[in-house]
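Computed from a predicted structure; not experimentally measured.
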Amino acid sequence: RRDAAAFRVREISNGIERMTLRSSRNGTVIHITNRRGEKKRVGDNVWRRDKVLEVADLTSMKARGVVDESEVGQIAVGQRVEFSLDAYTDLNFGGKIRQISTTVQRKTRNSPLRIFRIEIDLDETDKARMRPEMRFKGTIEVGRQDDVLLVPVSAINRSVDGDLVYRRSFSGIQMRRVKLGMQAANIVAVVDGLSEGDEVLTQQ
């Protein structure tokens, strides 16, 4: 019985050894997600060529993002990107656009939104906080203007006669026609029609 038990132990040990895969480099083990964002769990079937794990070298990382089809005409390789990780919203990181995909794609299988994918070279890698597959949100600097007057986009009223704002004055509310410049996500530059210190009304 002792010899049979020892033989069984050796057989199991050899089986474990044959089923053990050793990485060719040091790194962090990452569980790979499929197209539905799911990871393999103990007991799941694994098919040939299925990716289950990766060993990632965190010394140098890059970011992959998406841009709406309607905005891709404004971006170019080399533009600055500022972003924050969903897990660390109080910290800002930076980089530059390295590559822009040449074909439009659906954002997800169930989403009709059309997007372009971009790759971003990071200014630096924060190995203490950054991990593969972390989500982030950011902005791309498509242009720069100095010494401009900015107002919220919600203060602009579009009409057939042009762009209008409602300005608060001592005599009440006045309508002013304005000339606009570059626009970001929530703000827009006013080239003419307002002065610094003017108080404008926003739309709710």
Side-chain angles (χ1 to χ4, degrees), residues 1-72 75-141 185:
R1 289 198 299 270
R2 183 199 64 188
D3 292 343
F7 175 80
R8 183 58 177 156
V9 169
R10 289 195 299 272
E11 188 178 50
I12 293 173
S13 298
N14 291 335
I16 293 174
E17 179 65 25
R18 289 195 300 270
M19 295 180 65
T20 299
L21 298 177
R22 289 179 170 78
S23 173
S24 59
R25 66 179 182 185
N26 295 329
T28 301
V29 176
I30 305 297
H31 288 262
I32 303 300
T33 56
N34 59 22
R35 294 181 178 179
R36 296 185 296 274
E38 301 169 342
K39 299 177 181 179
K40 292 289 187 183
R41 294 177 296 180
V42 175
D44 286 349
N45 291 327
V46 179
W47 308 101
R48 184 185 294 271
R49 296 187 183 278
D50 272 358
K51 289 186 176 182
V52 180
L53 302 173
E54 284 184 350
V55 178
D57 180 4
L58 305 186
T59 303
S60 178
M61 301 177 67
K62 63 182 178 182
R64 294 191 180 101
V66 298
V67 178
D68 288 346
E69 181 183 18
S70 60
E71 299 177 346
V72 73
I75 67 173
V77 172
Q79 287 175 336
R80 288 289 305 168
V81 180
E82 301 292 332
F83 66 93
S84 62
L85 301 171
D86 285 3
Y88 301 97
T89 56
D90 57 331
L91 298 177
N92 293 322
F93 301 94
K96 291 183 179 180
I97 295 179
R98 177 178 182 270
Q99 184 177 350
I100 305 171
S101 65
T102 57
T103 57
V104 64
Q105 305 173 32
R106 293 180 66 170
K107 189 171 185 179
T108 64
R109 180 178 298 181
N110 300 320
S111 174
L113 295 177
R114 313 289 283 184
I115 54 93
F116 282 80
R117 300 189 182 278
I118 63 173
E119 287 191 2
I120 303 166
D121 283 334
L122 305 183
D123 293 340
E124 60 180 346
T125 297
D126 188 338
K127 292 190 293 184
R129 297 181 175 87
M130 292 181 177
R131 291 291 182 272
E133 304 298 328
M134 292 183 93
R135 297 177 61 87
F136 67 90
K137 294 179 182 178
T139 57
I140 301 173
E141 185 179 293

K.L.:
Are any of the side-chain heavy atoms of F93 and L122 separated by less than 4.5 Å?
P.N.:
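Not in contact.
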K.L.:
Under the rule for salt bridge (Lys or Arg N to Asp or Glu O under 4.0 Å), what residues qualify as partners of R25, not counting sequence neighbours?
P.N.:
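Applying salt bridge (Lys or Arg N to Asp or Glu O under 4.0 Å) to R25 gives none.
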K.L.:
Does atom NZ of K40 have more than 12 heavy-atom neighbours, drawn from other residues, nucleotides or ligands, at distances under 6.0 Å?
P.N.:
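Counting neighbours around NZ of K40, more than 12 heavy atoms of other residues, nucleotides or ligands fall under 6.0 Å, so yes.
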K.L.:
For E69 and R106: C-alpha separation, side-chain torsions, deciding distance, then whether salt bridge (charged side-chain N to carboxylate O under 4.0 Å, His left out) applies.
P.N.:
CA-CA 10 Å; E69 181 183 18; R106 293 180 66 170; over 6 Å; no
K.L.:
With ring-ring contact (aromatic ring centres under 6.0 Å, His included) as the rule and sequence neighbours excluded, what pairs involving residues 40-67 come up?
P.N.:
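Every candidate ring-ring contact (aromatic ring centres under 6.0 Å, His included) pair involving residues 40-67 fails, so no pair, neighbours aside, qualifies.
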K.L.:
Using a 4.5 Å cut-off on heavy atoms from C-beta on, say whether the side chain of R114 contacts that of Q105.
P.N.:
no
K.L.:
Counting C-beta onward and ignoring hydrogens, is there a side-chain heavy-atom pair between P132 and L58 closer than 4.5 Å?
P.N.:
yes
K.L.:
Which value, rounded to the nearest 0.5 Å, describes the distance between M61 atom CE and M134 atom CE?
P.N.:
8.5 Å
K.L.:
Any side-chain heavy atom of D68 sitting closer than 4.5 Å to one from I115?
P.N.:
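Touching, per the 4.5 Å side-chain cut-off.
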K.L.:
With a 4.5 Å limit on heavy-atom distance, are the side chains of L53 and H31 in contact?
P.N.:
yes
K.L.:
Let me check something: any side-chain donor-acceptor pairs from residues 77-84 under 3.5 Å, sequence neighbours excluded? List them with distances.
P.N.:
unit_1	atom_1	unit_2	atom_2	d
Q79	OE1	A76	N	2.8
Q79	NE2	Q74	O	3.1
R80	NH1	G95	O	3.4
R80	NH1	D123	OD1	3.1
R80	NH1	D123	OD2	3.2
R80	NH2	E82	OE2	3.1
R80	NH2	D123	OD2	2.9

K.L.:
Taking K96 first and then E141, would you say they form a salt bridge - that is, a charged N and a carboxylate O separated by under 4.0 Å?
P.N.:
no
K.L.:
Just jot down the side chain to side chain donor-acceptor pair (under 3.5 Å) partners of T59, sequence neighbours excluded, or say none.
P.N.:
D57
K.L.:
Looking only at heavy atoms, which two atoms of E124 and M130 are closest? And how far apart?
P.N.:
O-CE, 4.1 Å
K.L.:
Which residues pass the salt bridge (Lys or Arg N to Asp or Glu O under 4.0 Å) test with R129, not counting sequence neighbours?
P.N.:
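Partners of R129 by the salt bridge (Lys or Arg N to Asp or Glu O under 4.0 Å) criterion, ordered by chain and then number, come out as D126.
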K.L.:
Flag the pair I118 / I140 as yes when at least one side-chain heavy-atom distance between them is below 4.5 Å, and no otherwise.
P.N.:
yes
K.L.:
Got more than 12 heavy atoms from elsewhere within 6.0 Å of CG, N26?
P.N.:
no
K.L.:
Distance from I32 atom CD1 to E54 atom CD, nearest 0.5 Å?
P.N.:
3.5 Å
K.L.:
Specify the closest pair of heavy atoms between V55 and G27, including all atoms of both residues, with the distance to one decimal.
P.N.:
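Smallest heavy-atom distance, with atoms named: CG1-CA, 3.7 Å.
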K.L.:
Can you tell me how far apart OG1 (T33) and CD (E38) are? Round to the nearest 0.5 Å.
P.N.:
9.5 Å
K.L.:
Does some side-chain heavy atom of F116 sit less than 4.5 Å from a side-chain heavy atom of V66?
P.N.:
no
K.L.:
Could you tell me if the side chain of R64 sits less than 4.5 Å from the side chain of R117, heavy atoms only?
P.N.:
no
K.L.:
Not counting sequence neighbours, which residues clear salt bridge (Lys or Arg N to Asp or Glu O under 4.0 Å) with R10? List them please.
P.N.:
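Scan of R10 (salt bridge (Lys or Arg N to Asp or Glu O under 4.0 Å), adjacent residues dropped) gives none.
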